[in-house]
**Student:** 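Quick one: structure below, then a few questions.
Treat the numbers as computed from the prediction; the structure is a model and nothing was measured. Order of listing sets the numbers, starting from 1, for every ligand and every atom in it.
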Amino acid sequence: MSSQVCHPVTPLEGALSVPGDKSISHRALILSAISEGTVRIKNLLCSDDVGRTMMIMQELGVRIEEEADALVVHGVGKHGLTAPSKPLYCGNSGTTLRLMTGLLAGQNFSSQLNGDASLDARPMQRVIDPLEQMGAHIEEKNNEGRRIVVVRGQPLRGLDYDLPIASAQVKSALMLAGLYANGPVSLKEPHPSRDHTERMLVSMGARLEWGAGWVRVEGIEKLSIKEIEVPNDFSSAAFFIVAALLIPESQIKLNAVLVSPTRSALLDILKEMGGEIDMINSRVIGGEKVADLIVQASRLQSTECPPARIPSMLDEIPILAVAATQAKGTTRIVGAGELRVKETDRLRALTLELSLLGAQIKEQPDGLAITGPTRLKGGTVKSYGDHRMAMALTVAAAVAQAPLTIEDYDAVKVSYPEFLEDWQKLVRN
Ligand code: S3P
């Protein structure tokens, strides 16, 4: 188990480009694989989770080559995937497991999916139930104490379905299955979740309509696109945004960050809290809105984070919790029960670890209440093998009074292998 000692730091300054977006990278690989012809993917995230999706596409018979400035995927067309020779290993990646289950449900072969111990605990019934309504045959089996998801490919029919919980992974799995169905797939969500699959499918010629909280997709014979450029990941940028706000005298620029409204609610929340964040050079990359962000150290006030905002800042709650420990007043995060079924139970993990540092944080069934500001202590904390916990705790260490040892730090490789190198680039020497 890897530990990392993280120190309080001096101001952050300079400019940085964080790596490509994780969610969009998964979708770029999967959709390129089933498209016609060759797709060049630029700025694909190179991380453990995305690596799992890439290896699985190769197992399914897709040729992928690395070039200096792009990854080249030789699409096999919608019906060109071939049966895998062994179980498809998804590692820690919930996106890989859910999206692949949807894609494999309509193939003319069977496959098996498995992953690490954390993935075994991630709920699958939310994907399996609606897929079964489409005619899919999927079973969760116990293989010597570990879960294996068996997908027996079947002809699929259309679906009209209200998702009980907003989830881009479930929605995307059903849309992928919908590409193979003999009727339209219409989905509604209680709150809009990220719409990257919708945008990419439209750019590849799919018959699809969508709006806030709904989507309708129809089967289509051919998807095609020549190039996909992946924007820089907002969820990775979020750690530097909060660090620059909290560390006195900091001023940084983050280049070409994805600021899709379905992802960047944290920006609005931090601005409401008094954070000085300027968005400049707004433009579109790969069908998604991006901008450069200028962030300056600021004094923060507490805020209220209601359920409707959670889906568009789902992965940023750990770093928002760290920000809230430094904000004046009580920040309440409500309607975030989904955090209990992420890479770890993030509500529990944040409460336990930030309490160890002296923070005033109360765990609630579906959220957190955090009162600040508190000067955090040093010590030893755990990441629970969760990449976003490890990076959020690094930011906590930056504003603590003494060094912090973060256990199981290797987890950062899931989404941001160069996180510490990039962090060092911004620390004033
Ligand atoms: C993701 C969707 C989110 C998010 C996850 C990535 C995706 O999960 O937490 O890290 O790529 O679709 P939900 O399925 O809960 O929306």
**Student:** Between A181 and G158, what is the shortest heavy-atom contact and its length?
**Tutor:**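 Heavy atoms of A181 and G158 come nearest at CB-N, 4.1 Å.
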**Student:** Determine whether a donor-acceptor pair (N or O, by modelled atom type, separation under 3.5 Å) exists between the side chain of D366 and the backbone of G335.
**Tutor:**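 A pair under 3.5 Å: yes.
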**Student:** Give yes if a backbone or side-chain nitrogen or oxygen of A168 is under 3.5 Å from a nitrogen or oxygen of ligand 1, and no if not.
**Tutor:**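 The answer is yes, given that A168 and ligand 1 share an N or O pair closer than 3.5 Å.
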**Student:** Should the proximity of S193 to ligand 1, defined as any heavy atom under 4.0 Å, be assigned to the side chain, the backbone, both, or neither?
**Tutor:**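 Near ligand 1, S193 shows nothing, with every heavy atom at 4.0 Å or more.
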**Student:** State whether Y180 and K78 meet the cation-pi test: NZ (Lys) or CZ (Arg) under 6.0 Å from the six-membered ring centroid, and within 45° of the perpendicular axis.
**Tutor:**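 Yes, a cation-pi geometry.
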**Student:** Does NZ belonging to K271 count more than 12 external heavy atoms closer than 6.0 Å?
**Tutor:**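 Above 12, so yes.
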**Student:** Examine R27 against ligand 1 and note whether any of their N/O atoms are separated by less than 3.5 Å.
**Tutor:**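 Yes; the residue has a nitrogen or oxygen that sits under 3.5 Å from a nitrogen or oxygen of the ligand.
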**Student:** Could you list which atoms of ligand 1 come closer than 4.0 Å to a heavy atom of T95?
**Tutor:**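 So the answer, numbered in order with elements, is 1 (C), 6 (C), 7 (C), 11 (O).
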**Student:** Taking the six-membered ring for Trp, is the centroid-to-centroid distance between F419 and Y409 below 6.0 Å?
**Tutor:**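 Centroid distance F419-Y409: not below 6.0 Å, so no.
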**Student:** Under a 4.0 angstrom heavy-atom cut-off, which atoms of ligand 1 come close to L314?
**Tutor:**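 Those qualifying, in numeric order: 3 (C), 8 (O), 9 (O), 13 (P), 15 (O), 16 (O).
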**Student:** Evaluate the side-chain proximity of I333 to M313: yes if any heavy-atom separation is below 4.5 Å, no if none is.
**Tutor:**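 No. Closest side-chain heavy atoms not under 4.5 Å.
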**Student:** Check whether R147 reaches the backbone of R122 with its side chain - one donor and one acceptor, N or O, closer than 3.5 Å.
**Tutor:**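 Indeed, once roles are kept as given, a pair shorter than 3.5 Å links the two residues.
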**Student:** I want to confirm something. Looking only at heavy atoms, which of K22, R98, Q169 is nearest to atom 5 (C) of ligand 1?
**Tutor:**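 Closest candidate by heavy-atom distance is Q169.
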**Student:** Closest non-hydrogen protein atom to atom 10 (O) of ligand 1, residue and atom name please, with distance?
**Tutor:**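 Checking every protein heavy atom, the shortest distance to atom 10 (O) of ligand 1 gives D315 OD2, 2.8 Å.
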**Student:** Could a heavy atom of K342 be found less than 4.0 Å from some atom of ligand 1?
**Tutor:**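 So K342 counts as touching ligand 1.
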**Student:** Starting from atom 14 (O) of ligand 1, which protein heavy atom do you reach first, and at what distance in Å?
**Tutor:**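 Closest protein heavy atom to atom 14 (O) of ligand 1: S167 OG, 2.6 Å.
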**Student:** Just wondering, are more than 12 heavy atoms of other shown residues or ligands nearer than 6.0 Å to CD in E421?
**Tutor:**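 Correct, the count exceeds 12.
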**Student:** Check this for me - ligand 1, S23, N or O atoms closer than 3.5 angstrom, yes or no?
**Tutor:**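 Checking ligand 1 against S23, an N or O pair does fall under 3.5 Å apart.
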**Student:** Assess R194 for proximity to ligand 1: is some non-hydrogen atom of it under 4.0 Å away?
**Tutor:**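 Yes; R194 lies near enough to ligand 1 that a heavy-atom distance drops under 4.0 Å.
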